[in-house]
Amino acid sequence: MLFNTTPFALFFLVVVAIHFALPARFRGWFLLAASYYFYMCWSIPYIGIIVAITLIDFVAGIAIENARGGTRRAYLAASICCNFGLLFAFKYAVFFTETLRLPATLHVPQWVLPVGISFHTFQAVSYTFDVYRGKVPAERNLGVYALYVAFFPQMVAGPIERPGNLIPQLHRPAPFNSARLISGLRTALWGLIKKTVVADLAATVVNSVYRNPAGYSGAMLWLAAGLFSVQIYCDFSGYSDIAVGTARILGYDLTINFRQPYFARSTAEFWRRWHISLSTWFRDYVYIPLGGKHVGGKHVGGNHGTAWRWCINIAVVFLLSGLWHGASLTFVAWGALHGAYILFGAWTRPLRTRLAAQCGLGEFPRIHAKVQIVVTNLLVTVAWVFFRAPDMTAAFTMLQRLMAPGFSGLAEAFTAGLPQFEMSFLLLAVPAVFGVEYLRQNPPLGLATAWERRGFRWPVYAAAVYTVVFFGVFNRMEFIYFQF
Amino acid sequence: MLAVLWLGFYVAWRNLPYVRSGAETVYAAKEAQEREGRLFPASVPPSRRVVVFGNSKVLTGFVPAVFDAAVFDTSAGGVFSVNMGKPDEAHFAKDIEFLARSHQLPSRILLTLPWSKTTPKPLLGDDASVVGRLFPFKRLPRDLILFSALAPRHGGFLNFYRFGETTVGQMEHDRGWYFIEGQSHYAGARLPDDFHLGSDRPNAVDDPAFVPAGAEFEQLNMLAERYQLHFYLVPSYHRTGELAPSPLFASTVAERMKGYPRFTVPGPNYFLFPPRYFSDPVHLNPQGARLYTQELARLIATGATLTGQGLP
């Protein structure tokens, strides 16, 4: 059941109505039943994986809390092995068998990838880690813990919640609140606009070009690469907004997953703004345990040894991040490229600072910032080529042709799958969406004051609703991150 | 506020039928023709009636007058054909049921679309349809913007609006054939000879689309039996270079359809025509439409000889 479909709208209406009609003590169980139903709309047998992960980590959490010394570590290790074992079996076994060219006699079953398995596995692992570290107490209520793993607004594509944020909320179901309803609807509506009006429209052009990159001019490939940057942001942040909005209506606050990543001034900053719940997961459970930037108690730059360790830490985090997205070399390459950007960025920082000063950019910090934003977006867009391409050959074909852009082929934009009106609309909608995002984060004083007035707010809501009606695409295009 | 706006948009949409794109106006007019039982003159008996169903390719590609003239010589009494191609339409069983209820059934039906690839969805499975029913004016802003952009080139708003009205009249006169002139951005509504798109696959033969399976096919087969209809699965068309040529006879499809005597496969999966016969990358111009129709007529006539199931 996709967020951008009629069945989900009906399902959510029914869930909200029953949820608030029930006494508070039954709401959690009802939401759990609704969440399992939501998941079973994709696959009934695979609900077994969710139940297995839930039971394993529920028991592991209590066992870790009750144990002492090395036994705690053994329970943690057992829990992690079970979680990642399931993830490996379903997502990576075939990839590693093929990549490492293991003998054909080693028969590896090819299972259909359970929807959102990477998300709920990581969420479950963060729970056992946090119990082990003593950051949260082990949960003793199985219903609450099961809902933490399976809460339907975020179970298939995040945000990846931390137990410290979500579990306490699940213990205290909030009463109905009209302000939360309006705020939740507003957030979900904005997510729906990004998904149906921009992402799904851009997808038509992107799919058409990526299907046959050799058939298009360099300019057209740049357009498609840029549109994919837009598509993936609007698709994923749109999903996250709908998740946050629907959860807020039900009385729960989820983690904010995006903070205008395309306004970042460096790739390091990009990762502090993009898919925040995943990047902070890797920070807290991989990067810092590996030593982070302060390897061996010394800050990077102290000596060559610690600098190399830091490079390795960054490389490990980004390779794992790439692999998390998918069992394919293209995702690994995408992660590796981002790791390289971070390392190269850190290495060249003094040089770039000197260069900016020599060019006079230091005198104009706003222009300097814009230059940095443009460069960061170029780097990110190039990296997305690996993320989107079906294989490495297609990615390299695309990159090769991107090097010879020219503008003669741009007319192809109007014959690349979208009618002329829709293509023109898309080219206008993209800056409009980013403009609105910017204004939402940084409202000028006049706008903030006007927003307080219902006479201003409600027409904007009506315009937003009719924007979806008039320009939305309703052909059930899946969210990109569902495949992970 | 949402309800008031809904009402306002609805009233505007109902009262300005000819600001819609030509294809959409034509779609609505064809639905009205069907509803009002105006497809065939009463003097034409069912045995002489032919209907061709399909999407916008059929709408722009099949000229009934040309077809009738081309098959007349090979048959006694001639035929009276109607083009029921509608933009973005892929399901015809409901149309045929409707024609049966309003006593407008033909005896022969030409189909071009792969029903098995586009099984009709239940209402809740088709969000576009749900939105379309809740907001029938969904395309109004798009239509108004395009209308405003095109009107100056057609002698102003009033003239362009009247032009829409005339277009429908012309389409009805041409028995459903409609040339989508507004979609062509090429001189003389003709693509240049070297025209190609990045998405073209000149080395790929398109997979034969007709498979006797799926809810739509079952329904068509049932209707064929019940009303003694005969279906011809005729080729669609593409640009030369868009795909590799199809084998001259779609033997794979014909083989699959062997157990269904009310379905005939008279030719290839698709025809290829040079770009000059196209007004845009997908649709034929009037010259191309005549050529395509003549090719179809030739196929049907040959099919008559080959299978004994040709037109009367």
Side-chain angles (χ1 to χ4, degrees), chain A residues 1-11 192 196 200 204-205 207-217 220-221 223-224 401 409 411-417 419-422 424-425 428 454-455 457-477, chain B residues 1-6 8-9 13 21 23 56 87-88 118 121-150 180 182-186 191 195-204 239 241-242 278 280-283:
Chain A
M1 204 185 317
L2 300 169
F3 280 174
N4 52 336
T5 60
T6 319
F8 179 77
L10 294 176
F11 164 80
L192 204 58
T196 62
D200 289 354
T204 311
V205 181
N207 294 346
S208 185
V209 173
Y210 271 88
R211 208 173 293 134
N212 179 23
Y216 290 91
S217 65
M220 192 59 202
L221 295 185
L223 181 70
R401 295 180 65 84
E412 291 172 350
F414 294 99
T415 52
Q420 203 166 11
F421 176 85
E422 276 70 15
S424 311
F425 174 79
L428 291 173
R454 282 182 82 170
R457 241 177 18 243
W458 285 91
V460 173
Y461 293 155
V465 169
Y466 279 107
T467 298
V468 174
V469 168
F470 289 143
F471 303 109
V473 176
F474 299 98
N475 56 4
R476 300 211 166 173
M477 229 176 258
Chain B
M1 179 181 279
L2 289 175
V4 171
L5 283 171
W6 190 96
F9 288 130
W13 175 75
S21 69
S56 57
D88 287 334
T118 53
K121 299 170 189 163
L123 180 60
L124 282 184
D126 186 353
D127 303 313
S129 179
V130 171
V131 174
R133 283 175 193 224
L134 290 174
F135 304 95
F137 47 79
K138 177 175 163 45
R139 292 169 71 88
L140 181 65
R142 180 190 196 276
D143 293 338
L144 280 173
I145 293 168
L146 286 176
F147 182 83
S148 308
L150 294 172
I180 311 178
Q183 215 156 291
S184 180
H185 309 294
Y186 299 89
L191 295 186
F195 182 88
H196 68 280
L197 287 179
S199 53
D200 289 353
R201 294 177 296 144
N203 299 318
R239 278 175 291 108
E242 188 177 351
F278 286 75
D280 63 54
V282 179
H283 303 105

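Quick note on labels: first sequence line is chain A, next is B, and so on, each numbered from 1.
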What I want to check is whether the side chains of Asp127(B) and Thr6(A) have a donor and an acceptor closer together than 3.5 Å. yes
Let me know if Asp280(B) has heavy atoms under 4.5 Å from chain A in its side chain, its backbone, both or neither. neither
Closest heavy-atom pair, Phe474(A) versus Lys138(B), reported as atoms and distance to 0.1 Å, is CE1-NZ, 3.9 Å
Is the shortest heavy-atom distance from the side chain of Arg142(B) to the side chain of Phe470(A) under 4.5 Å? no
For Asp200(B) and Asn212(A), which heavy atoms make the closest approach, and how far apart are they? O-ND2, 3.9 Å
Sequence neighbours excluded, the answer for salt bridge (charged side-chain N to carboxylate O under 4.0 Å, His left out) partners of Asp200(A) is Lys195(A)
Is the distance from the ring center of Tyr466(A) to that of Phe9(B) below 6.0 Å? yes
Answer with side chain, backbone, both or neither: which region of Val465(A) has an atom nearer than 4.5 Å to a non-hydrogen atom of chain B? side chain
What part of Ile145(B) gets within 4.5 angstrom of chain A, counting heavy atoms only: side chain, backbone, both, or neither? side chain
Going from OG1 on Thr5(A) to CG on Asp126(B), what distance comes out if it is rounded to the nearest 0.5 angstrom? 11.5 Å
With a 4.5 angstrom heavy-atom cut-off, is it the side chain or the backbone of Pro213(A) that approaches chain B, or both, or neither? neither
